[in-house]
Amino acid sequence: MTESKRNTIFHASSRGKGDGIFHGVELSGRETVRPTPDILDALERDYPLEASIADLVDNSIDARARNVLIRFIRTKQKVISLCIADDGAGMTALGIRQAMQFAARRAYKSRDLGMFGVGLKTASLSQADSLIVASRARAGEAVGRRWTKAGIKKYDWQLDILTQRSAALILEHNWGVLGAIGKGTVVRWDDVYDFDRLHTGLDEYLETAKTRINYHLGLKLHRFLLRKQVRIQIEVEESDTGEVGPPSKVLPMNPFPSKEQSGARGFPKDLVVRFPNAGNVTMRGHIWRKKSKDEGYKLGGGRVADHQGFYFFRHDRLIQDGGWCGLIGTNEPHMSLARIEVDIPDTLRGYLKVRSNKAGVDVPATFASAIEDARARDGSSIEDYLKTAEEVYRRRGEQKPRPLVAPGSGIPAEVRKVLENQAVRFVRGRKCSIGWSKKKGSGFIHIDQENRKIILNDRYRKMLLRGAHGGNTDVPLLRTLLYFVFESLLAGQRIGPVERMRLETIQASANAALKLEEQWADE
């Protein structure tokens with residue numbers, strides 16, 4: 001091939017007509033144009049805090065971590081760092097170098113959550129000026145690397161290497177449920193933008209941030225949490241004293257109704273969608289009960305109508321929660337009960353494209369027409385599904401309240417008799433109980449959800465009885481009130497982050513009230 005032919009690129013659609021501008025272009029050479037470090041400034045718009053943390057938790061899950069800890073580090077005056085620690089496989093020097101390289105795609109396994117090789121860096125540097133990663137693989141030495149925006153600009157993309165001692169100090173810190181990390185990884189953000197803007201209301205900010213993170217992770221990773229593949233906790237550490245506040249456990253937030261919460265007979269229902277020249281996918285249509293009290297229906301509060309539509313998953317990780325992708329113009333209140341579950345197969349990843357920040361799915365122009373042609377086994381269509389969801393929403397009349405877990409041992413028989421006279425329905429074969437037992441610590445109420453028990457700390461029994469003779473149903477008023485407060489939890493109803501915080505508040509309030517009771521008893 002001659003030099004002139006090598007430097008000519010012909011357009012594939014050239015027709016040999018016109019003035020020749022579509023016949024091809026001639027090249028005089030090539031030059032490398034590298035991105036300037038200023039490209040990092042664009043990252044700040046891509047990720048909210050909770051979504052950035054979710055990207056890092058994805059990496060922990062890919063590393064086969066069983067436990068993930070999210071910890072805010074604070075002083076009395078400000079929050080100084082945020083850390084995500086795990087007990088996953090950890091990394092060697094070569095592995096951590098590759099992990100810190102922008103767009104370096106590792107060899108992903110078939111069910112990994114990673115996609116583009118940018119999540120760790122873009123998620124972190126969208127939130128903070130400094131990203132430190134310390135890690136240790138099994139039987140390996142501690143390794144650490146650091147990116148800072150200032151360093152990238154000053155040294156033109158040269159990565160900072162931590163000493164082995166410095167990386168080991170990070171890993172060997174007391175990471176709560178993880179302890180000192182012998183195998184695993186710690187990611188640390190310093191100079192976080194959200195934290196630098198805080199001047200007042202530090203405690204309120206941390207509580208709000210924990211709730212947002214809890215809700216976001218509970219929703220996006222609910223399948224992993226439901227099958228107990230990973231446990232995630234959120235904590236706050238006081239750096240001056242080393243004290244760590246009580247952990248907040250991330251609970252699964254399943255956006256789809258259980259059988260008891262389904263609003264229509266025959267649902268959920270599977271519909272097969274055939275995408276032209278792409279393949280088939282089965283979508284599962286759910287319909288919630290109207291005005292359900294379940295946390296999965298409310299999804300953290302706000303307008304329930306905002307949660308209708310498609311829920312796209314990739315490898316069990318929720319990517320998009322809601323929205324109709326052009327099938328319906330807007331979120332109609334009458335469609336509030338309709339949610340469609342879609343698992344994107346790898347064979348369709350070019351058709352249903354996941355965005356790099358995992359914030360949504362881009363569908364082609366033919367998506368809506370393919371959905372309209374979808375059919376279930378009984379021949380029903382997406383139009384039939386939406387019509388049923390609307391009918392359930394418009395249905396008048398009060399819904400029957402859910403059955404209660406019957407009061408059992410330790411709850412006065414008179415209470416059950418009153419409930420029966422009120423025609424309250426009970427769950428078949430289930431009863432809950434209340435009793436005294438010796439417990440460590442000062443906490444008054446302990447909940448055993450699995451065995452449906454409310455356990456009262458025996459150290460307070462004598463004080464509350466005030467000299468009276470104890471028995472199976474002593475302090476009957478207290479027992480009855482606790483039964484109604486915790487019955488939904490004992491029923492096994494899914495408890496989301498907001499409800500969990502309410503229960504924690506009840507615990508704290510009960511402990512405060514006990515101190516007052518002790519004062520009265522001493523007088």
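Not measured: the values here are computed from a predicted model.
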Does [X] [atom1] have over 12 foreign heavy atoms under 6.0 Å away?
X      : atom1 : result
Lys183 : NZ    : yes
Lys269 : NZ    : yes
Gln229 : CD    : yes

Let me confirm one number: the [atom1]-[atom2] distance from [X] to [Y], rounded to the nearest 0.5 Å.
X      : Y      : atom1 : atom2 : result
Gln308 : Asp321 : CD    : CG    : 12.5 Å
Ile454 : Leu482 : CD1   : CG    : 5.5 Å
Glu414 : Thr480 : CD    : OG1   : 9.0 Å
Glu295 : Asn254 : CD    : CG    : 12.5 Å
Ile340 : Tyr311 : CD1   : OH    : 11.0 Å

For the residue pair [X] and [Y], does the interplanar ring angle fall in the parallel (under 30°), tilted (30 to 60°) or perpendicular (over 60°) class?
X      : Y      : result
Phe72  : Phe195 : tilted
Phe444 : Trp436 : tilted
Tyr351 : Phe275 : tilted

Is [X] positioned over the aromatic face of [Y], cation under 6.0 angstrom from the ring centre and no more than 45 degrees off axis?
X      : Y      : value
Arg227 : Phe224 : yes
Arg223 : Phe313 : yes
Lys290 : Tyr393 : yes

Taking all heavy atoms of Trp189 and all of Ala128, pick out the closest pair and write down the distance. CB-CB, 3.8 Å

Which atom of His216 lies closest to which atom of Ala51, heavy atoms considered: NE2-CA, 3.6 Å

State, with a plain yes or no, whether a side-chain heavy atom of Ile506 is found less than 4.5 Å away from one of Phe486. yes

